[in-house]
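Scroll down for the structure; my scribbles are underneath it.
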Amino acid sequence: MESRLNFVAALFAAAPLACAAAPDGPDAPDAPLNVVVVSATRAEHTSFDLPAAIDVVDADRIGAAQPRVNASEALAAVPGLVVQNRQNYAQDLQISSRGFGARSAFGVRGVRLIADGVPATMPDGQGQAATFDLDMAERIEVLRGPFSALYGNHAGGVIQLFTRDPHGAPFVETNVAAGSDGMRKTDVNAGGKQGAFGWLLDGSRFETDGYRAHSAATRDQAYAKLTFDTSATGKLTVTGSSLRQDDTQDPLGVTWATFQRDPRAGEIDATDAQTPKRTLADRYDTRKSIHHQQVGLSWDEKFGTDRLHVTVYGGNRSVIQYQSFSKAFQAPASHSGGVVDFDRDFYGVDANWLMVRPLGDGLLRTTLGLEAGKSNDARKGYENYVGTTFGVKGRLRRDEDDDVRNVDPYLQLEWERGPWVFTGGLRHSRVSFDVADHYLSNGNDGGSVDYRHTTPLLGALYKVTPTLNVYASAARGFETPTLNEVFYSGTGGGFNYHLGAATSTQLEAGAKALVGRDVRVNAALFQVRTQDELVVDSSSGGRTSYRNASATLRQGLELSLDADLRAGFSARVAATLLRAIYDEAFTGVAEGNRLPGVPRTSLFGELAWKDADGRLQAALETVAGGKVYPDDANAAIPAPGYAIVNARVQARQALGAWHVREYARVNNVFDRTYVGSVIVGDSNKRYYEPAPGRNWVLGASVQYQF
């Protein structure tokens, strides 16, 4: 009941925004409400004329009085998407799209991540949003529903970041920010274009003491983009990026009792006889170090109305993580240790050819492509103790090589005739897992398995009037287990080659309308039926195994409204209603139980103002979410629903070649205490990750244009 009241209160707070339609007269401003996107069709297309749910988060929103550290800062304004900052930089953001991905305990799964054409998601479906460089972002496109099936192994959606292209005279810029809990960030970037050559360089350092106990972090990021105009119609782009986090503290989840006692506190280790009140995080010094670097090369060339696109990429990711469990002095043979240590090399290619031809009375666009990728992990595990000292690397307990590969040819067709736009697509995916075990004391965990699936797509859009489009689409999607989920079988044995991929049937119907010249409304109804949903089978001895257990049903409504109002005011509302349940019972879980980690309601509302020259801006934001269950049985205390209010203000000045910006932001203005995210299915019932109370950030930037 509380979550519904929170949602209704937030909806009433945002309702006036939806009702204040702008005048449709000669004095009404031109509204940039119809943007160009490429994610749905891999070619430039206005979002209004696509039979798909797709939203664009532009550079203004990404940098709206924000330090540009986490994608959650900007993606909260997208319907159908739930992006939670865990307040844990060792585990990355929690991202779910239409309920897919909410189960992930670390990183992002169920949602495909791409940056400048380079996947931030590996072939097994696991990705990291921390690799996104938000300082250089021009826009983020968020694709949901059936069209995302044409991107292969995942189920819920695609989040694609595009950095800005170098242009204009050379410049150099410095950004600084500071805020609550010792947060500070410094960013320096430079760029420009001379003749056919353009460059963009960026480097930043982010530091925080952390809101929660044992949650300090330091993140260093670097990014480079070089562009070369190879001809009047061709361009070569080279990108490189790196992410470095050393000894990022992991505060872990907490029980409900600990959250109620002190949201900042860590969970006390009840087994610690030497220091009775020491937390688990402190005793084991839980932490993670990440070193990630990658490079990508893209070539685009037009041949009349046709276009060739080729992207090749490669990189390396090294991780060492100290976890909070250890079977000290009595470790079973199956225990793989409390220290995860792997070194990953990855590379791949995506090439496609777009042809545009007249067909009948219409125009046919055909995209034929091939995507292939590979990752190789040299993975080891160690005990996280030596003698009576915990949180240090001990004896070797795991040593293996893990290979994951995918090869995916795809075809997409779009035929436009009169008021109709018909879309069809087909992608055949093959994902292969191979594990070579070199530590045989606990048996041979090696093995291999192949997953093959063909995902078809059909869509149609009808232009009822120049300002109203209606559409429908359908697709079959699939989602393989991630590498971590196929390591072990429920019997305590090795590689689980019997674990199958989850398959889904997705249906969507929607409408896109322009009201006058200054208001746009998007609405989408959807249903997703999934078979062979992955759930935890057993968790013991340091091993967690999974099984295909049940069918699930997701039904929902997404609604978004953008309006340019008179006197410099503008508004955005993004609301989601989602019924996500188990459609069949299985052991310990009843039919009709809600999927864990998925709120039934979520809402973002914003009322913003800026002066005629855009030099001064201010806004109020409302963010609300319904209650969330942390377990399949829905037996644990759910994280209650919440509604918070944020405020921001920003100013800009131009002094000749100098451009200056200052901003201030206060989040959670009314200091609400709430759970920001949950760890689904935690065997120790440490499900809850508290969100910060009232917190602030101040920032400024100075740019000089030569």
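From a predicted model like this one, the values you see are computed outputs, not experimental measurements.
A heavy-atom distance below 4.5 Å is not found between the side chains of S204 and Y223. L483 has its side chain out of reach of Q126: every pair of non-hydrogen atoms, C-beta onward, lies at least 4.5 Å apart. Side-chain contact between I159 and V78: absent, with no pair of heavy atoms (C-beta onward) separated by less than 4.5 Å. Side-chain contact between R520 and L514 is present, with at least one heavy-atom pair separated by less than 4.5 Å. You'll find the side chain of R417 stays beyond 4.5 Å of the side chain of L359, heavy atoms only. Using a 4.5 Å cut-off on side-chain heavy atoms (C-beta onward), L499 and P481 make contact. No side-chain heavy atom of E558 sits less than 4.5 Å from a side-chain heavy atom of S560. Using a 4.5 Å heavy-atom cutoff, the side chains of L161 and L113 are not in contact.
Without hydrogens or angle criteria, S504 side chain to Q506 main chain gives no donor-acceptor distance under 3.5 Å. The main-chain N or O of V407 is never found under 3.5 Å from a side-chain atom of R430 such that the two would form a donor-acceptor pair. S96 places no side-chain N or O within 3.5 Å of a backbone atom of A102 that could act as its donor or acceptor partner. A donor-acceptor contact shorter than 3.5 Å links the side chain of K512 to the backbone of S47. Listed for the S242 side chain is no donor-acceptor partner under 3.5 Å among the backbone atoms of Q293. Between the side chain of N548 and the backbone N or O of D532 there is at least one donor-acceptor pair closer than 3.5 Å. Of the possible donor and acceptor atoms, one in the side chain of Q221 sits under 3.5 Å from a partner among the backbone N and O of A130. Remark: side-chain polar atoms of R98 are not paired, donor with acceptor, to backbone N or O of G157 under 3.5 angstrom. At least one donor-acceptor pair closer than 3.5 Å links the side chain of N469 to the backbone N or O of F48. Side-chain atoms of Q91 do not come within 3.5 Å of backbone N or O of R86 as any donor-acceptor pair.
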Check the pair D58, R139 against salt bridge (charged side-chain N to carboxylate O under 4.0 Å, His left out), reporting the backbone distance first and the verdict last.
-> CA-CA 4 Å; D58 61 17; R139 70 187 191 279; over 6 Å; no
Verdict with reasoning, E479 to R103, per salt bridge (charged side-chain N to carboxylate O under 4.0 Å, His left out) = CA-CA 13 Å; E479 184 178 16; R103 183 180 295 277; over 6 Å; no
Check against side-chain hydrogen bond (donor to acceptor under 3.5 Å, both in side chains), T480 and N153 | CA-CA 7 Å; T480 71; N153 176 24; 2.9 Å; yes
E508 and R144: CA distance, side-chain angles, deciding distance, salt bridge (charged side-chain N to carboxylate O under 4.0 Å, His left out) verdict | CA-CA 10 Å; E508 179 177 315; R144 307 174 301 286; over 6 Å; no
Does the salt bridge (charged side-chain N to carboxylate O under 4.0 Å, His left out) test come out yes or no for D402 and R344, once each step is laid out?
-> CA-CA 9 Å; D402 308 323; R344 172 181 299 159; over 6 Å; no
Taking it one step at a time, do Y410 and Y151 satisfy ring pair (Phe, Tyr, Trp, His ring centres under 6.0 Å)?
-> CA-CA 9 Å; Y410 57 88; Y151 281 83; 8.0 Å; no
How far apart are the C-alpha atoms of I54 and H45, what are their side-chain angles, what is the distance that settles it, and do they pass the side chain to side chain contact (heavy atoms under 4.5 Å, CB included) test?
-> CA-CA 11 Å; I54 185 167; H45 213 304; over 6 Å; no
Go through the steps for M136 and K225 under the test side chain to side chain contact (heavy atoms under 4.5 Å, CB included), then give the verdict.
-> CA-CA 10 Å; M136 296 291 98; K225 184 175 190 178; over 6 Å; no
Under the side chain to side chain contact (heavy atoms under 4.5 Å, CB included) rule, what do D124 and R109 come out as? Steps first, then yes or no, please.
-> CA-CA 9 Å; D124 68 340; R109 63 156 299 170; over 6 Å; no
Q245 and L243: side chain to side chain contact (heavy atoms under 4.5 Å, CB included), yes or no, with the steps?
-> CA-CA 7 Å; Q245 291 184 202; L243 167 71; 4.0 Å; yes
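Qualifying side-chain contact (heavy atoms from CB on, under 4.5 Å) partners for A475, counting only residues two or more places apart in sequence or in other chains: P146, A149, L457. Looking at residues two or more places apart in sequence or on another chain, you find no ring pair (Phe, Tyr, Trp, His ring centres under 6.0 Å) involving F132. Taking H309 as the reference, nothing meets the ring pair (Phe, Tyr, Trp, His ring centres under 6.0 Å) condition, with sequence neighbours excluded. Applying the ring pair (Phe, Tyr, Trp, His ring centres under 6.0 Å) test to Y347 and every residue at least two apart in sequence or in another chain returns nothing. Looking at residues two or more places apart in sequence or on another chain, you find a side-chain contact (heavy atoms from CB on, under 4.5 Å) between N70 and S72, E73, N85, Y89, L93, R219.
Taking the six-membered ring where the residue is Trp, Y462 and W420 present tilted rings, their angle falling between 30° and 60°.
The structure places CG of D135 at 10.5 Å from CD1 of I62, a figure rounded to the nearest 0.5 Å. Interatomic distance, CD of E533 versus CD of E584, reported as 11.5 Å (0.5 Å rounding). We find the CZ-CE distance between R112 and M122 to be 9.0 Å, quoted to the nearest 0.5 Å. To the nearest 0.5 Å, atom OG1 of residue T601 and atom CG of residue L557 are 12.0 Å apart. Interatomic distance, T239 OG1 to D116 CG, rounded to the nearest 0.5 Å: 5.5 Å. For the atom pair OG1 (T41) and CD (E414), the distance works out to 6.0 Å, reported to the nearest 0.5 Å.
Nearest heavy atoms, S375 versus P123: OG-CD, 4.1 Å. Listed here is the closest heavy atom pair of Y451 and V486: OH-CG1, 3.9 Å. Contact between D55 and P79 at its shortest, heavy atoms only, is OD2-CD, 3.8 Å. Shown here for S39 and Q160, the closest heavy-atom pair between the two residues is OG-NE2, 3.1 Å. Smallest separation of non-hydrogen atoms from V108 and S104: N-OG, 4.3 Å. When every heavy atom of T482 is checked against every heavy atom of G125, the shortest pair comes out as CG2-C, 4.5 Å.
Under the 3.5 Å distance criterion, with hydrogens and angles disregarded, no donor-acceptor pair is assigned to the side chains of R476 and T455. For the residue pair N316 / D343, a side-chain donor-acceptor distance below 3.5 Å is found, with atom types taken as modelled. For the residue pair S298 and T311, a side-chain donor N or O sits within less than 3.5 Å of a side-chain acceptor on the partner.
The list of salt bridge (Lys or Arg N to Asp or Glu O under 4.0 Å) pairs with a residue in residues 297-310, not counting sequence neighbours, reads D306-R357.
F100 carries R554 over the face of its six-membered ring, with the cationic atom under 6.0 Å from the centre and within 45° of the normal.
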